Structures are given as structure tokens and as C-alpha cells.
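Computed from a prediction, not measured in an experiment: that's the story for all the values here. In what follows, every chain begins at residue 1, and chains take the letters A, B, ... in the order their sequences are listed.
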Amino acid sequence: MLRVHHSMESAAPASCEQTEKAKKYDRQLRLWGDHGQSLLEIGHVCLINASATGTETLKSLVLPGLGAVTIIDDAKVAHQDTGNNFFVDLASIGRPRGEVALRLLLELNPEVRGTFVDQPLQEILDNQPEFFTPFTCVIATCLPESTLLTLSKVLWDAKIPLVVVRSYGMIGYIRIQIEEHTVIESHPDNEIPDLRLDRPFSALEKYMDSLDLDAMDDKEHSHVPYVVILYKFLQKWNQEHGAPPKNYKEKKLFIQLVKTGMREKESGENEENFDEAVKAVNTSLLPTSIPSGVQTLLNEAANITPSPTTKPFWIMARALHEFVSSEGRGVLPVRGTIPDMTADSEKYIKIQSLYRDQAAQDADWVLRRVQEHSQQLGPRKVMPSLENDVKNFCKNAHALRVIKGKPIVEEYKGSINLSEIGAHLENPESDLVWYVMLRAVDQFHSEFRAYPGYFQDQVETDIVRLKVCVNRLLADWGCGPIVKDDFIHEMCRYGASEVHSVAAYIGGCAAQEVIKIITAQYVPINNTHIYNAIAATSGTFML
Amino acid sequence: MTVAVAMAVEWGARWVEVRKLLERPGPFTHPDFEPSPDTLKMMQENIRVLVIGAGGLGCELLKDLALMGFTNLHVVDMDTIDLSNLNRQFLFRKKDIGRPKAEVAAEFINQRIQDCHVTHYYNKIQDFDDEFYRSFHLVVCGLDSIVARRWINGMLLSLLCYEDGMLDQSSVIPLVDGGTEGFKGNARVILPGLTSCIECTLDLFPPQINFPLCTIAHTPRLPEHCIEWVRLLLWPKENPFSEEMPIDGDDPHHLSWIFEKAQKRAAEFGITGVTYRLTQGVVKRIIPAVASTNAVIAAACCTEVFKLATSACTPMNNYCVFNDSDGIYTYTYEQEKKEDCVACSQVPQELLVSPSDKLQDIIAILTDSLRYQMKKPGLQAMVDGKTKSLYLHSPASIEEKLRPNLKKTVEELGLRDGIEIAVADVTSPSTVLFKVKLKK
Ligand SMILES: [Zn+2]
């Protein structure tokens, strides 16, 4: 026994031994992979103001292993920080808040580096706007409107993503300002399989035609993957109807046709593969098409002349566009993955490899186009791991996402998205009203140098004043005074208080948005998110 | 200024943010709410909150509750700290690996947050009786186990007092429950006896579907099939480490062995994609997890605890789902109480059987139906005023003696129409009464 154990031990190849880092990050690597993690680990995030909301946001970035953080904060730790901020302590009252928060945050993960700057933000913006260039992303909390607008302009011009996070009483707010964000791996939750039954490629067609359902014995018949069953009955159907079933009625008839092919098993049960085929009719017979968002992106790519500054994403999109309009005859490259189906191993794996090979062939076509474009741009434009990147791009072609952002200045000064505002303000359930309230308290602050209700003895007067601000704001947007007084009262009740559980909620959300931006995986919001802790609801608005 | 006055001023300054919510009236408060400086004092002096689980959600919950002003917190957890917890369970450090989670979490909070006192219990929730649970005003759950959730739900329901069929409101201990998986999560408020409970919505947690054994054995197609083949069939046959040694998912030698054999099997069938990470994921049934989702869900739960304790805002009604993989999505709705819920309805459960059904068929109904999803039910019948054990899983001697009953029919066991069967299971602290109804 001992001998066996020993031989097993030495038989374990070194590659199996996970690094300590892989073990520590295992649960998240299953979400964004080693490549996502690598991007996170070279990310450098700047946090402006280590308030409760600020430190809660950083916490969910330090834990998963962000590369580095820089905190800008000129405040000193006060008593009220010890009542809502986990990353200060009683002993540090009076010390620079950025320093204390940084020290306590970095304790969470020794792999993260950090610095702090004990200097007013306005000073940095005035004297050294280039300060921000090293950052992958900037997070800002607790800024008055005028400073926020200056910051947002600096970062927009420098093409550095800005995430504004805020908690105000029971309300949370996130605003992302990013010029353009492209996502290859958006990880959609429910994917429609790409089976090409309406336009089988020749290898698939050849293989399908080589199979004869009627000639199979019962065992083989009950182990034919459903994609074959659908193919065969679709042929039969098309002979009679000329085109695949389109509407509900035709699909129902088609299902009946499929059922005629089912043999009864000895046990009296249905053949599972036929049951699966029936279930798959709805999704698998949809015509192969390009999702509208991807089509928009391809149209944009069609107008691109690749230059040395063109992002690899757009060069690949350009090549993809060329594929669609020639080789692909109007559709995207074959995805190359198929869902699991009840089947014998041999047929399933054969079919799987047919799809996979076709995907590789299509991706290869795209790769050659990408290479041609790159060569024209000169030797400097060599992309590392190009082949894998293009493969990955083609595999995800149906789920590509592009976000076009809008500067905060534009939203604040002139061209806010009025149709979005109008539509939501008419809906009493919409949380957009809290956005209006947040904008109004900012205007209030600009005017009176304090937030409404900040001082206990001024709550009543502030209610009247805030109402003026709200109505002025709505009038600027051309909306009537449709905000109920309840919201104004509630806002004055808050008096700009930063309550921990609201800060923790919105900080967690904001941190994940930053991770999405840094890893270029999953899809960030565009562009404003409001959390309403009163009703535990939320909404995302394009403003 | 005297020391006492100075401390009071500091106390006031420290909690100034949360005091605005507690000391000012507002249009969205609960009708019971009375703005007062005493509310925070009441929270700190009188309210006892029990946190179940000191993992991803539990760590967050303790921090959140402490910083909302609660000072009397208790935490139960039976686990110890593992390296893979450190990417999100932020109260733990590398030096703490192997120590009880509840203990380390409590130590950390007590040290960081002045005046907060967390009491820890390195225990299973089943180690405590109703006296223990009755001593809390609120219970918050951050668990990954559905069985444990169901058990605590059953416990809080068992504490309800009814007088003449009317629920005594003071016996209601609210349960706030959170759960996460990757970028998805949910938070809910349960008022036992008043709103839908965990068992009302059991169909939200369908049992995990296993691959059919014949697929694993004969027609593998996926890398997971190959790993399951090694785990379920090859391991017990070859016993690679020693006779009867079960698989330890944390032992890299075990995992490496499974990984290699699965790779070989995959190669035989031309299947690609068996990796070490996948092997580990399948063997240990790993659920992906990330810091941010735990932070969000715990915070949502804590907000609800705060509302329930202070009435400063009306509680959420009553179920919220969250997903931030594509944008940030939430959906909040009222989960309805099930009229004939097995746990909270007071309606006797009917067990519809044929005289020819065997006892094992009845047990299959209890374990397989989405409605009951029991694990190892033990059954006792009340026949002619006497308790008759039909089947029990333990002790082994009794199990052996009762085992022949499994093959006996309802008729042979003398289970007539209207006979009551008490069913005990790990999913509930109390037995569930079923009334036999014979199919005509
Ligand atoms: Zn119930």
C-alpha cells in the first residue's frame, strides 16, 4: 500500500501543483480567468477621498488582487469616520485619512501596492493635471459639483475612465465616464446555440447526409444527437414547405413531424434525444443572423481605415466585417461550440469537431485579414498572441459589445438625455427621481456651501430652498414641477449622511464596474446607476 | 468639560450619519417610527442580532451591522479558514488559516470597532436549542447550504406562539437571508408566520442535477463526464491511496490522480478540456465567488436588519435578486406565502398514496418532489394511539431492523386513510405531520 502511495506522489506532474496565488484567487478565476486576473494585477486605480463609500469600493478591488492603488485625500480622520468607515480606527483620529485607510486596506492583501497623497484635489487639478496619466481608472467620491466637472474634463481628455460613486442617505449613485469601452468576452447568461441548421456548411452537410436514421438499430437511434434529428426533419419539412418553420403554428407542426420519427423504447419511455430535439426546436431553428448590436459595430468597422493608433479590437472588427461581407455570405464565423446532447460519444464528438474545425477555418480567414491590415501599418503594430486573440474574437463575435460614453460635463451643461429623463419622470416607480434629487442637492451646495439638512436647525428652511433648486433644474430641462414634496423632505432628512450599509452596497457595485473596465470582461453600465435602499430597487439610465 | 460629557459628545459625533435617519421624521418611514435619540441607544443596549455564517457574507454582515450601530452581535459558524477564502473573506489573513472563522471574525470586529461586542460560536446551528434562538431579536443568514437555511427557517417557525389560531406577533423573530453565486445574488426578508418562508419557495432551489450514470459510464461527451467517471467509478474500484479512503478534495494528491485518469479517459474518447481547475471544480462542486457580490448582498441584508430594528424605513417587500454580469440588474418583488406550505401554513400535509405503494415509494416522494426535497427522512406512524417506527436512518441497529419495511406496501404496513405520519429530516428541527390519504 505504501509503495502505491509513493508512486502516486511522484507521478503527480508539476503542472498540477497550483501556485498559492491560483489557490487564493480560485473562486474568482472561475469568473474572469487567468487573463482577466493578469489585467487586474497590472491595474492601477486612484481613489479620490477615502470616505466610507470610497474605502468600501477599494476593498472589493484590493481583495481580488488589483495591482496598485493611490488614495488622494486631504481630510483628517474624524469621529464620524469611526461610525461609518471600517478602514479607520479610533487610534487614528486626527491623522491623514488617506494614510490610515491605505494602511488598513493594504492589510487585506499583501500583493497590492499603494500610496497616498495628502493634498487637496483642486490643487492637483490646477497644478499637475498630468498626475492622473498613470492610472487605469479613477474613482471619485464626495466631490462638489465644480470640482467633479473639472476632474471629469481632465480625465475625459486623457482618456482615463472615471467612476463616480456616491451614497447619500438611502440613495446610492454610480456614474461611469468612459469614452469608449470594447468587450470581447461579455459572458452572456443565456446563449442561443449556433448550429447553422438553416445554412449548414459543407462538411456538416456531408456528414449529416451520410447518416440514415431509419437504418439504425434502436440503440444507435436513441443515441443520435438532436442536431442530427433536427437536420433530418428540417430537410423533410423543407421539401414540403420550401422554407424552415417560422411562426409558432409552423413550429408546432414541425414538432409533430419530429415526433413521428420517435421509436418507443422497451421501457415505454420516449427516446431522450428526440425529447431534446423537440425542446430545442424553438431556439435551434432560428435563422442564423447577426445581433443588432453587433451589426452596428460592424457598420462602424466598415468605415474604419486602420491606422497605427487603431485599437486591436477595431482592426479585428474590421476584418470581421470583411468576413461577413465575403467569405461568410452575410453571417458571422461559426462559433464552434455546441450544447451537450444525449448521444453516443463518437457521434457527438464527431459533430463537435465538425463545428470546431469550421470555426477554426473561419477564424483563420479573419486572422489573415487582420495580419494584412497589421502589415500595412508597419512592423510596430505587431499584436502579441494574435492568433489566440482572433480566435477568441471570432468565438465571441455574436456577443461583442461596444460602449460609447459621454462626458459628465455634457450631461451637466446643456445636453442631458432629455428623452430618457422625460420618460422616467412620468413613471412613479422609476428611481430616476433620485437622480434629480442628487443633482438638486449639488446645486443647493453650490449656492449655500452646505448640503440641505446638514445642520439640524436648518432642516425646515432647507426644504423650501431645495424645492426651488429642484424646480429650477426641472425647468432647465423643460419638465414641469412633477417631483413630489416627499422626495424633497426625505433628501433634507438625509442631510448628506453617508450610511455604512448603503456605502457598502454601492461600493461593491462600483468595484465590480471597475473590474469590468480593467479586465474588459462582462459589461459595465452606461452611464448612470441609481440604488434606492428604501425599496431595495435600482435603475440604470443613459443620461 | 467633564470626561463623561466629552465622551457623550464624541459618541454623538461618531454616529452622526446614522442618527440623521433615526432622529428625523421622513415620508418613507414605517408607521411605527418615532424619531428619537433613544433609538440608537436602544439598538446598542437592547437589540441582539444573530449572524449565521462567518464566510463571504458573514464577514461583511458583521462589519455592516457594527457600523450601522449594532453592538450586540453573535455569530455561529462551524468552518475553519482556508486559503481560497482570502479573496473575499476580508476579516481573515494568511496567518489565520486553519482557525475557526467565527472566532477570528469576532476578534477582528471587536478589535477594530470600539464598543462593538461580537460573541462567537464555533458550532453547527443544530447544536443550539430553541432557548438560544429565542434570545435574539433578529437573525441574518449568510449561508451557502440550503439545508441549513431550511433548518433555521424551521427553528424560527417553531418559536411562533398561536393563541386561538391567532399569531402572537411578539413571538415573530424576523429572518433576513442572503445568498450569492458568482455575480448573482439574492436578499430577502422573512417574517415567520406572516410572509413567505424558505419552504414556501423551495422550488427556487431545484436540487443539483447530476449526470446520468450511464452517460458517465458509457457515452461520455464532456470533460465533466470523464472527471465524474473517475470520481464515481474508478476511485472506488482502484482505491489508489488505501482501501476505503474517500476522496479528499483538498488533497492535491487525490486531485492530481483524478485529473490524470480523467485526462486519459478523455483522450480515449477524443474529448478535450479536462484541466486541473475543472477537475477541482467538479470534485469539490465549487461555486465561483467574488468579493463584490458578497459586499452588495450583505449590505442589502444589513439595511433590512436596520429597518426592521428601527422602523426608520419600511422593509423591502420582500425578495430581491441581483446580477451584475451585464450592467447592474435588480428585481424586487413580493414572494407570496404558499397557502399550504409544509413549514409555515398550519395546514396539515396530505400524503396521497395507493394501497399498493411501497414505503420506499413514499420516501421517494419526500426526497424527490420539488416541494419537499428532504434528504434522509425518518418516518413514524401514529397507529391506534401508539407510535410505530416505519423507517429510521439511525442508529444502525434500528435501521437494519426496519429496512424490510421499505419493500412493504401501505396496506401491509396498516397505513389506513387519515393515519398521521411524523416525518423527521435534517432540513427541519421539528417533525412534519402528514395525513395519509388513500387514492381511490
Ligand atoms: Zn412557508
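In terms of heavy-atom proximity, A:F86 sits nearest to B:R112 at O-NH1, 2.6 Å. Scanning both residues, A:G83 and B:W15, for their nearest heavy atoms gives O-CZ3, 3.3 Å. For the residue pair A:S345 and B:P220, the shortest heavy atom distance occurs at OG-O, 2.7 Å. Pairing each heavy atom of B:S84 with each of A:R27, the nearest pair is OG-NH2, 3.5 Å. Here the closest heavy-atom approach between residue B:S292 and residue A:S60 is recorded as CA-OG, 3.8 Å. What you find for B:A295 and A:G508 is that their closest heavy atoms are CB-CA, 4.3 Å.
Residue-environment remark: CD (B:E334) exceeds the threshold of 12 foreign heavy atoms within 6.0 Å. In this structure, A:N190 places its CG atom where only 12 or fewer heavy-atom neighbours from other residues, nucleotides or ligands lie under 6.0 Å away. More than 12 non-hydrogen atoms from other residues, nucleotides or ligands lie less than 6.0 angstrom from CG of A:D89. Heavy-atom contacts from other residues, nucleotides or ligands closer than 6.0 Å to CE of B:M7 number 12 or fewer.
In this structure, A:Q456 and B:R19 have side chains that are not in contact, with every pair of non-hydrogen atoms separated by 4.5 Å or more. With a 4.5 Å cut-off on side-chain heavy atoms, B:R14 and A:D81 do not count as touching. You'll find the side chain of A:K59 reaches within 4.5 Å of the side chain of B:E60, heavy atoms only. Side chains of B:K20 and A:Y454 form a contact here, defined as non-hydrogen atoms less than 4.5 Å apart.
Between chain A and the residues B:C301, B:A312, B:P27, B:G182, the largest count of heavy-atom pairs under 4.5 Å involves B:P27. Top candidate by heavy-atom pairs under 4.5 Å with chain B, chosen from A:A343, A:P188, A:S353, A:G507, is A:A343. When the candidates A:H223, A:E20, A:R30 are compared by the number of heavy-atom contacts under 4.5 Å with chain B, A:R30 comes out ahead. Your options are B:H218, B:K184, B:M316, B:K307, and the one with the most heavy-atom pairs under 4.5 Å with chain A is B:K307. Looking only at heavy-atom pairs under 4.5 Å with chain B, the residue among A:V499, A:L108, A:D26 that has the most is A:L108. When the candidates A:A22, A:G65, A:A533 are compared by the number of heavy-atom contacts under 4.5 Å with chain B, A:A533 comes out ahead. Of all the listed residues (A:S497, A:A78, A:G453, A:P64), the one sharing the greatest number of non-hydrogen pairs under 4.5 Å with chain B is A:S497. In terms of non-hydrogen atom pairs under 4.5 Å with chain B, the most contact-rich of A:A535, A:P110, A:A496, A:S538 is A:S538. Between chain A and the options B:L67, B:T219, B:I297, heavy-atom pairs under 4.5 Å are most frequent for B:L67. The most heavy-atom pairs under 4.5 Å with chain A, out of B:L86, B:V290, B:L222, B:I286, come from B:I286.
Residues A:T537 and B:T332 have side chains that never bring a donor and an acceptor to within less than 3.5 angstrom of each other. Counted by atom type alone, A:Q512 and B:D324 present zero donor-acceptor pairs between their side chains at under 3.5 Å. Between the side chains of A:S501 and B:T303, at least one donor N or O lies within less than 3.5 Å of an accepting N or O.
For B:F322, the part lying near chain A is the side chain, with the backbone staying farther off; criterion is any non-hydrogen pair under 4.5 Å. For a residue to count as touching a neighbouring chain, one of its non-hydrogen atoms must lie under 4.5 Å from one of that chain's; by this rule B:E23 does not touch chain A. For chain A, no part of B:Q89 is nearby; none of its heavy atoms comes within less than 4.5 Å. With a 4.5 Å cut-off on non-hydrogen atoms, A:I506 does not touch chain B at all. B:N323 touches chain A through its side chain: at least one heavy atom from C-beta onward sits under 4.5 Å away, while N, CA, C and O do not. Residue contact with chain A, scored on non-hydrogen atoms closer than 4.5 Å, involves the side chain of B:Q114 exclusively. Contacts between B:P25 and chain A at a heavy-atom distance below 4.5 Å involve the backbone alone (N, CA, C, O). There is no contact between B:A66 and chain A, counting heavy-atom distances below 4.5 Å. In this structure, the portion of B:I113 lying under 4.5 Å from any heavy atom of chain A is its side chain and not its backbone. Using a 4.5 Å cut-off between heavy atoms, A:M341 touches chain B through its backbone atoms (N, CA, C, O) alone. Only the side chain of B:F108 comes within less than 4.5 Å of a heavy atom in chain A; its backbone stays farther off. Contacts between A:Y494 and chain B at a heavy-atom distance below 4.5 Å involve backbone atoms as well as side-chain atoms. For chain A, no part of B:L255 is nearby; none of its heavy atoms comes within less than 4.5 Å. Residue contact with chain A, scored on non-hydrogen atoms closer than 4.5 Å, involves the backbone of B:I287 exclusively. Using a 4.5 Å cut-off between heavy atoms, A:V88 touches chain B through its backbone atoms (N, CA, C, O) alone. Both the backbone and the side chain of B:I328 come within contact range of chain A, each with at least one heavy atom under 4.5 Å from a heavy atom of that chain.
A donor-acceptor contact shorter than 3.5 Å links the side chain of A:R493 to the backbone of B:R24. In this structure, the side chain of A:K516 does not engage the main chain of B:D326 through any donor-acceptor pair within 3.5 Å. In this structure, B:R221 contributes its side chain and A:I349 its backbone to no donor-acceptor pair below 3.5 Å. Not one N or O on the side chain of A:E490 forms a donor-acceptor pair closer than 3.5 Å with the backbone of B:G26.
Of the inter-residue distances, the one linking A:Q352 atom CD with B:T272 atom OG1 reads 6.0 Å to the nearest 0.5 angstrom. The line from CD of A:Q521 to OG of B:S325 is 12.0 Å long, rounded to the nearest 0.5 Å. Atoms CG and OG1, on A:D431 and B:T330 in that order, are 8.0 Å from each other to the nearest 0.5 Å. Once rounded to the nearest 0.5 Å, the distance linking CZ of B:F306 with NE2 of A:H500 reads 12.5 Å. The CD atom of A:E498 lies 6.5 Å from the CD atom of B:E17; values are rounded to the nearest 0.5 Å. Rounding to the nearest 0.5 Å places OG1 of B:T215 at 8.0 Å from CG of A:D340.
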*Verify side chain to side chain contact (heavy atoms under 4.5 Å, CB included) between A:Q28 and B:R88, making sure each step is shown before the conclusion.*
CA-CA 9 Å; A:Q28 71 200 39; B:R88 58 196 188 285; over 6 Å; no
Run the side chain to side chain contact (heavy atoms under 4.5 Å, CB included) test on B:Q280 and A:K23 for me, step by step, so that the C-alpha distance in whole Å, both residues' side-chain angles and the decisive distance to 0.1 Å come before the verdict. CA-CA 11 Å; B:Q280 199 187 15; A:K23 280 185 204 156; 5.6 Å; no
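A salt bridge links A:D34 and B:R277; the closest N-O separation between the charged side-chain nitrogens and carboxylate oxygens is under 4.0 Å.
Using cut-offs of 30° and 60° on the angle between ring planes, the pair A:F487 and B:F28 is tilted.
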